[in-house]
2 protein chains.
Amino acid sequence: MRSTLQTVADEVGVSRSTVSNAYSRPDQLSPELREKIFDAARRLGYAGPDPAARSLRKGRVGAIGVLFSATLSYAFTDPYAVQFLRGLAETAELHDTGLLLMPLAEDATAAAAAVQNAVVDGFCVYCLPDWHSAQAAMRLRKLPVVSSERRDAGDPEARFVAIDEAAATLAAGRYLAALGHRRIALIADWIVPERETRPVATARPEDVPYYVSRERLAGYRDAFAEVGVEWPEIATVNAAQNSRAAAAQAASCVLDRAPRPTAILAVSDMLALGVLDALHTRGLRPGRDVSVIGFDDIPDATTAGLTTVRQPALEKGRQAGALLLNPPEDLAQRQVVLPTELVVRASTGPAPDA
Amino acid sequence: MRSTLQTVADEVGVSRSTVSNAYSRPDQLSPELREKIFDAARRLGYAGPDPAARSLRKGRVGAIGVLFSATLSYAFTDPYAVQFLRGLAETAELHDTGLLLMPLAEDATAAAAAVQNAVVDGFCVYCLPDWHSAQAAMRLRKLPVVSSERRDAGDPEARFVAIDEAAATLAAGRYLAALGHRRIALIADWIVPERETRPVATARPEDVPYYVSRERLAGYRDAFAEVGVEWPEIATVNAAQNSRAAAAQAASCVLDRAPRPTAILAVSDMLALGVLDALHTRGLRPGRDVSVIGFDDIPDATTAGLTTVRQPALEKGRQAGALLLNPPEDLAQRQVVLPTELVVRASTGPAPDA
DNA sequence: CAGTGCTTCTGAATCGATACAGTACTCCGA
DNA sequence: TCGGAGTACTGTATCGATTCAGAAGCACTG
């Protein structure tokens with residue numbers, strides 16, 4: 001049988017509480033007794049307080065659940081995601097907290113059950129559509145939740161670390177418009193719920209189900225509307241997933257037909273790099289023949305000379321952790337909006353046709 | 001106050017156990033009563049059995065701790081690691097189990113404490129040197145542990161999913177030796193405990209502290225000894241970490257001096273890709289001027305035309321999960337050695353000098 | 001020597017759930 | 001009408017820890 005606090009207490013001939021104190025409140029007993037207790041523990045092969053029992057009593061388990069609707073491997077393919085998680089892990093570590101990775105199953109019931117049974121102190125949701133069954137299950141748990149996206153203004157209790165998505169792409173769009181670009185293509189994932197790479201001409205930004213893509217598309221729409229390019233004139237392509245390969249395929253949809261767009265706007269750097277791949281295989285020069293812009297500013301963007309919108313991924317993760325583990329009293333301070341910045345590199349330039 | 005099983009039981013006027021049964025053993029009570037209980041629960045905002053309390057009673061938490069001695073971001077930079085974790089996550093998901101990521105702190109005491117307090121059912125250690133304080137802390141917990149590396153034969157209880165590291169590089173080394181290569185350079189991380197990129201001429205394989213690097217170097221040593229190239233003639237370079245950039249820098253140490261090695265052997269694909277980068281910047285042709293070989297066979301190896309030793313990362317992860325969550329009765333079957341395979345691509349060829 | 005204050009230790013209550021033995025009740029057949 | 005089987009539910013012990021009020025012991029003070 002495994003030994004418990006009680007076993008050790010009996011062995012030494014003291015009470016359970018005293019043994020407990022020996023481990024977690026050394027100042028409450030004499031060093032001699034403490035040593036005697038540890039001796040007995042060693043003899044009995046007792047490893048110290050059982051974490052499960054401790055967490056029941058303390059009401060704290062030392063782990064936060066990280067929710068995302070994707071496979072693990074996919075989640076960690078994007079350096080942006082990795083940076084975010086790293087920031088989160090940094091803060092978590094400061095608070096002696098681990099990260100419980102919960103890639104959510106396709107099956108809605110199973111996903112909800114996973115959320116219900118997770119032994120965690122809170123949740124960090126990351127790239128999880130509003131309509132997902134896990135969102136409701138989370139609310140039921142009544143644990144603190146922090147999101148990496150802005151939540152509906154409806155809930156003043158909501159905690160999030162976000163950026164102003166639409167403002168960021170509005171600025172980026174204006175920059176491209178000023179360079180003379182008028183024939184535009186947009187590539188994004190989750191423009192439609194289906195995971196397919198294909199043009200989706202009809203979609204208006206408002207109809208895009210996933211918050212991030214919706215906002216970013218809206219920003220671009222507004223920017224080009226200012227120079228007279230209306231939304232229906234902009235080619236929008238849905239990428240099956242946020243990967244280089246999918247984006248390269250998506251880019252083919254618009255590159256291989258005339259007239260070719262002069263600028264391709266992607267909602268992430270992963271997608272933008274795929275677009276660059278597509279240009280490369282066709283012998284087209286980025287920033288001369290076709291301008292390409294991304295979002296996130298991952299390390300590869302620098303080496304690829306990709307113009308992009310920088311968002312502070314690491315900082316987002318750090319602050320998300322802080323909001324969960326050490327929330328400010330003031331509710332307003334629990335809704336953080338971080339700045340973004342347009343980083344101009346070689347992949348954008350004046351529109352080629354005069 | 002948060003509502004509990006008891007609260008709901010009082011509200012409905014039944015016993016605690018009945019409410020418990022309503023949630024986890026529906027066949028033990030009438031559908032009517034069950035509905036009544038759920039109604040009350042909804043009214044009171046009770047979300048169902050508390051996972052922490054349940055896990056205390058059941059003796060099962062539903063999470064396994066994943067240990068590695070590195071930052072999160074580093075761990076997920078290597079596609080091999082990601083694949084392994086994906087396999088692990090797959091099996092875990094089948095057993096309704098989550099992964100608790102535990103990047104271990106530098107501080108030995110803190111790392112040990114983290115292991116002691118982790119609310120988990122078992123540990124999977126991955127890329128953790130034997131000397132690390134967490135190893136001892138783990139043994140104390142007396143929970144099942146699975147390693148992704150072969151453990152000392154001393155412990156017949158040890159569970160691991162490994163490959164025959166030395167045999168793999170022995171085969172790879174022989175292949176290169178047969179191609180005529182005699183001037184060899186080796187690049188590995190953790191040849192010495194310090195995280196610095198620099199030649200480490202003196203190190204013998206036996207002295208390398210980290211198991212994986214030690215074995216792989218030994219395999220290569222033996223292969224070249226067979227054709228008369230003794231160990232001291234082989235240039236060994238320590239890479240600060242398992243990254244492309246570090247490897248490129250490490251490769252510089254041997255490429256920029258005469259006579260240049262005809263083959264550079266890296267203990268991982270990440271490192272090998274860095275070597276290819278270094279060749280590229282110097283206008284050297286892989287497989288002609290310098291042969292390069294890696295280890296792992298990550299996806300990028302295919303596109304880069306990298307000759308490498310394939311190891312089944314995904315399968316390793318899956319089996320590691322199975323060993324932890326559904327261990328075979330037979331102790332011998334808990335020690336799995338998976339096959340490896342030499343995959344020849346364009347980055348290796350006959351030694352250039354006749 | 002009673003009274004005070006301090007440290008050290010004890011014992012009981014508590015957390016939220018599950019397991020199990022036992023009770024109450026219904027139903028059926030003889 | 002009685003007995004036995006089966007179902008629905010109750011009450012209590014238990015898991016392994018933490019917490020807290022208070023008891024015991026001790027030294028010191030007046």
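Just so you know, these numbers use all the heavy atoms, side chains as well, and skip hydrogens, waters and symmetry mates. Order of the sequence lines sets the chain letters (A, B, ...), proteins ahead of strands, with each chain counted from 1.
Atom CZ of Arg34(A) and atom P of dT7(C) are 18 Å apart (whole Å). As rounded to whole Å, 9 Å separates atom C1' of dT18(D) from atom CG of Asn21(A). Following rounding to the nearest Å, Gln28(A) (CD) and dT10(C) (C1') show an atom-to-atom distance of 13 Å. Atom NZ of Lys36(B) is separated from atom P of dA8(D) by 15 Å (rounded to the nearest Å). Atom OH of Tyr46(B) and atom C1' of dC15(C) are 13 Å apart (whole Å). Atom-to-atom, CZ of Arg16(B) to C1' of dA8(D) comes out at 19 Å; the value is rounded to the nearest Å. Rounded to an integer number of Å, the gap from CZ of Arg60(B) to P of dA17(C) is 17 Å. The distance from atom CZ of Arg25(B) to atom P of dT18(C) is 9 Å, rounded to the nearest whole Å.
Aromatic ring orientation, Phe38(B) versus Tyr23(B): tilted (interplanar angle from 30° to 60°).
Under 4.0 angstrom from either OP1 or OP2 of dG16(C) there lies no side-chain N or O belonging to Arg54(B). Put simply, Tyr23(A) has no side-chain N or O that comes within less than 4.0 Å of OP1 or OP2 on dG16(D). Look at Ser15(B) and you'll find a side-chain N or O under 4.0 angstrom from OP1 or OP2 of dT10(D).
Of all nucleotides listed (dC15(D), dC15(C), dT10(D)), dT10(D) comes nearest to the side chain of Thr18(B). For Lys58(B), counting side-chain heavy atoms from C-beta on, the closest listed nucleotide (dT18(C), dC9(D), dC9(C)) is dT18(C). You'll find that the side chain of Asp50(A) is closest to dA17(D), out of dA17(C), dA17(D), dT19(D). When the nucleotides dT18(D), dT12(D), dA17(C) are ranked by their closest atom to the side chain of Leu5(B), dA17(C) comes out on top.
Without hydrogens or angle criteria, Lys142(A) side chain to Ala47(B) main chain gives no donor-acceptor distance under 3.5 Å.
Between the side chain of Ser17(B) and the base of dA19(C), a donor-acceptor pair under 3.5 Å is found. Interface remark: the Ser30(B) side chain does not form any donor-acceptor pair with the dT7(D) base, using a distance-only criterion of under 3.5 Å. With hydrogens and angles left out, the side chain of Arg57(B) and the base of dT14(D) share a donor-acceptor pair within 3.5 Å.
Among Val14(A), Val12(A), Thr7(A), Thr4(A), the one residue that satisfies the side chain to side chain contact (heavy atoms under 4.5 Å, CB included) test with Val19(A) is Val14(A).
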Stepwise side chain to side chain contact (heavy atoms under 4.5 Å, CB included) check, Cys124(B) with Leu67(B): CA-CA 6 Å; Cys124(B) 175; Leu67(B) 297 185; over 6 Å; no
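Across all strands shown, Ser24(B) has heavy atoms under 4.0 Å from sugar-phosphate atoms exclusively, and none from any base. The residue Leu29(A) sits close only to the backbone: its heavy atoms come under 4.0 Å of sugar-phosphate atoms, none of a base.
Here Asp39(A) pairs with Arg42(A) in a salt bridge; the nearest charged N to carboxylate O distance falls below 4.0 Å.
Toward the 5' end of DNA chain C, the nearer of the two residues Pro49(B) and Gly13(A), judged by each one's closest nucleotide, is Gly13(A).
Open room surrounds CD on Glu157(B); 12 or fewer heavy atoms of other groups in view lie less than 6.0 Å from it.
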